[in-house]
Protein chains: 2
Amino acid sequence: MATIRKSARSTHPAAERPHPDATRRSQRSRQAIYDAALALVGEVGYPKTTIEGIAARAGVGKQTIYRWWSSKADVLLEAFLDLGERLVEAAGEEAYTIPDTGDVAADLKVVLRATVDELRDPRFEAPYRALAAEGVVNEELGRTFVSRLLEPSLQLHADRLRAAQEAGQVRQDIDLRIALELFVSPLAQRWLQHTGPFSHAYTDTLVDYALHGLAPR
Amino acid sequence: MATIRKSARSTHPAAERPHPDATRRSQRSRQAIYDAALALVGEVGYPKTTIEGIAARAGVGKQTIYRWWSSKADVLLEAFLDLGERLVEAAGEEAYTIPDTGDVAADLKVVLRATVDELRDPRFEAPYRALAAEGVVNEELGRTFVSRLLEPSLQLHADRLRAAQEAGQVRQDIDLRIALELFVSPLAQRWLQHTGPFSHAYTDTLVDYALHGLAPR
DNA sequence: AGGCCGACAAGACGGACCGTCTCGCCAATA
DNA sequence: TATTGGCGAGACGGTCCGTCTTGTCGGCCT
């Protein structure tokens, strides 16, 4: 027996390659892979994290990983998204909103301080850095990274700025997508590239400078 | 013969590991390695660029690379710095200064437009991205990347802002290292993470927002 | 109930690179 | 002229890649 293998596949025209039957997927293995991936990236770093290592740690066959994901980065991205969802469920929903007390400056400062703390959380740091780095060099993954991880948060900032605009605290003629970068991007760069101290005082200053400008009034 | 090998090294107490005799180094091989590294990163991308590949392309033994550099990233960093120096020599010195016409806004816009163009130069794009990405994940290399590549440019921006401050175009109480991030960081993030259009119009807007602030005057 | 299907764990497989090493070869030095 | 040490070349054992094979197991159709 054996021998006749692919030729026996009379049932299908051999069209779809990417996805096997998702309904038969083992959720137990999936979760074990997420846990193993996040643990390994935290322990030995992203470059030394290997598909074989993840499989072994998860008690899973390599093929199970290759069956559902296309790359190491892809596994980590989904693992990280899953981690995020689990943490959001654990915390309250309101942890992922921007407050509106009527004072934009104060509200933004609160949110940026929280972002600083979050980026320092060791559960986040290693995988988040790894994904950001991979996205810089791999445009495909980069776009996914931005749309799934960055974009939702940026949208919240834009929304809060729009409210401020309607309340007359931000100029009418301003492009909010650019405006939010004045404080979000410097924060991101300091964290990613270690270009300077990363503190609450720093983000407070950013908000002040961005709102009132560098030029004298 | 053979057999006695390390034990025959009576001359040295076996202390310094890192550097062989630099005076006997082949400059021809060094340059060939730089060229090969930059070419390969441009052609096949950073992850597929390999030490063996660089050695083969440069017509050089692998050991010659391992003798002088500690990693692929290290080779590329030096190659890129060398490329920068050669281009600076070719162009005039004044290409790497920030003009001072007395109008900060105008001067910064000119410089940021030039930066946009430079980041689009295909000779720069691939290696610069690769180094930035590696620096995000490898703190050691990251610090070198910042101090050798980023810092000199940031210093120029700080200098120009200081002149503006003395001319009364920028508030006295402002931390210039933070101030310059208001336009430099958003630019960097858009380029690195593809978070939005990357154009002259964009950088012009950044300068306006940063100088005059988001709040109504 | 029995048979079939497809994901699963395990791991063998050839191939790519790793980083180290050994080998003569050669130029500069002593 | 003899010594020294970097050099090109490439062999080496090792790791991990991505694919393929085998046998097991649980759900679904008949």
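In what follows, every chain begins at residue 1, and chains take the letters A, B, ... in the order their sequences are listed. These numbers come from the heavy atoms of this one structure, side chains and all, not from hydrogens, waters or symmetry mates.
- Spacing between atom CD1 of A:I33 and atom C1' of C:dA9 amounts to 11 Å, rounded to whole angstrom units.
- Salt-bridge annotation for B:D117 and B:R113: absent, with no side-chain N of the basic residue lying under 4.0 Å from a carboxylate O of the acidic one.
- Within residues 36-48 of chain A, no residue is approached by DNA chain D to less than 4.0 Å at the level of any non-hydrogen atom.
- Among residue pairs with one or both ends in residues 39-61 of chain B, none qualify as ring pair (Phe, Tyr, Trp, His ring centres under 6.0 Å); sequence neighbours excluded.
- Judged by the 6.0 Å distance and 45° axis criteria, B:R120 is not positioned over the aromatic ring of B:W191.
- Of the residues in residues 50-62 of chain B, those placing a heavy atom less than 4.0 Å from an atom of DNA chain C are B:T50, B:I51, B:E52, B:K62, in numerical order.
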Show each protein N/O and nucleotides 24-26 of chain D N/O combination with a separation under 3.5 Å, one pair to a line.
unit_1: D:dG26; atom_1: N2; unit_2: A:R24; atom_2: NH2; d: 2.4

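- The phosphate of C:dG19 has neither OP1 nor OP2 within less than 4.0 Å of any side-chain N or O from B:W69.
- For the pair A:R143 and A:E139, the salt-bridge criterion is met [side-chain N within less than 4.0 Å of a carboxylate O].
- Of all non-hydrogen atoms in B:Y202 and A:I178, the two that sit nearest each other are CD1-CD1, 3.9 Å.
- The ring pair (Phe, Tyr, Trp, His ring centres under 6.0 Å) analysis of residues 132-161 of chain B, with sequence neighbours excluded, yields the pairs B:Y128-B:F145.
- Here C:dG19 presents its P atom at 16 Å from CZ of B:R67, a figure rounded to the nearest Å.
- When distances run from any side-chain atom of B:D21 to the nucleotides D:dG5, C:dA9, D:dC7, the shortest one goes to D:dG5.
- Evaluation of the side-chain hydrogen bond (donor to acceptor under 3.5 Å, both in side chains) rule for A:R24 yields no partner, not counting sequence neighbours.
- The pair A:R148-A:D74 does not meet the salt-bridge criterion, since no charged nitrogen lies less than 4.0 angstrom from a carboxylate oxygen.
- Atom C1' of nucleotide D:dG18 and atom CH2 of A:W68 are separated by 18 Å, given to the nearest angstrom.
- Taking 4.0 Å as the cut-off between side-chain N and carboxylate O, B:R57 and B:D35 do not count as a salt-bridged pair.
- With rounding to the nearest 0.5 angstrom, the CG atom of B:L187 is 9.5 Å from the CG atom of B:L192.
- Among the protein residues, B:T23 comes within range of no part of the nucleic acid, since none of its heavy atoms lies under 4.0 Å from any strand.
- B:L77 places a side-chain heavy atom less than 4.5 Å from the side chain of B:L149.
- Spacing between atom CZ of B:R28 and atom P of C:dC26 amounts to 14 Å, rounded to whole angstrom units.
- For C:dC21, the base has a donor-acceptor partner in the side chain of B:Q63 [N/O atoms by modelled type, under 3.5 angstrom].
- For A:S29, taking side-chain heavy atoms from C-beta onward, the closest of the listed nucleotides D:dG6, C:dA9, D:dC7 is C:dA9.
- The NZ atom of B:K72 sits 14 Å away from the C1' atom of C:dG19 (whole-angstrom rounding).
- Summarising the geometry, the separation between OH on B:Y66 and C1' on D:dG8 is reported as 16 Å, rounded to the nearest angstrom.
- Relative to the ring axis of B:W68, B:R30 does not place its NZ or CZ within 45° and under 6.0 Å from the centre.
- Between the C1' atom of D:dG6 and the CD1 atom of B:I65 lies a distance of 14 Å, rounded to the nearest Å.
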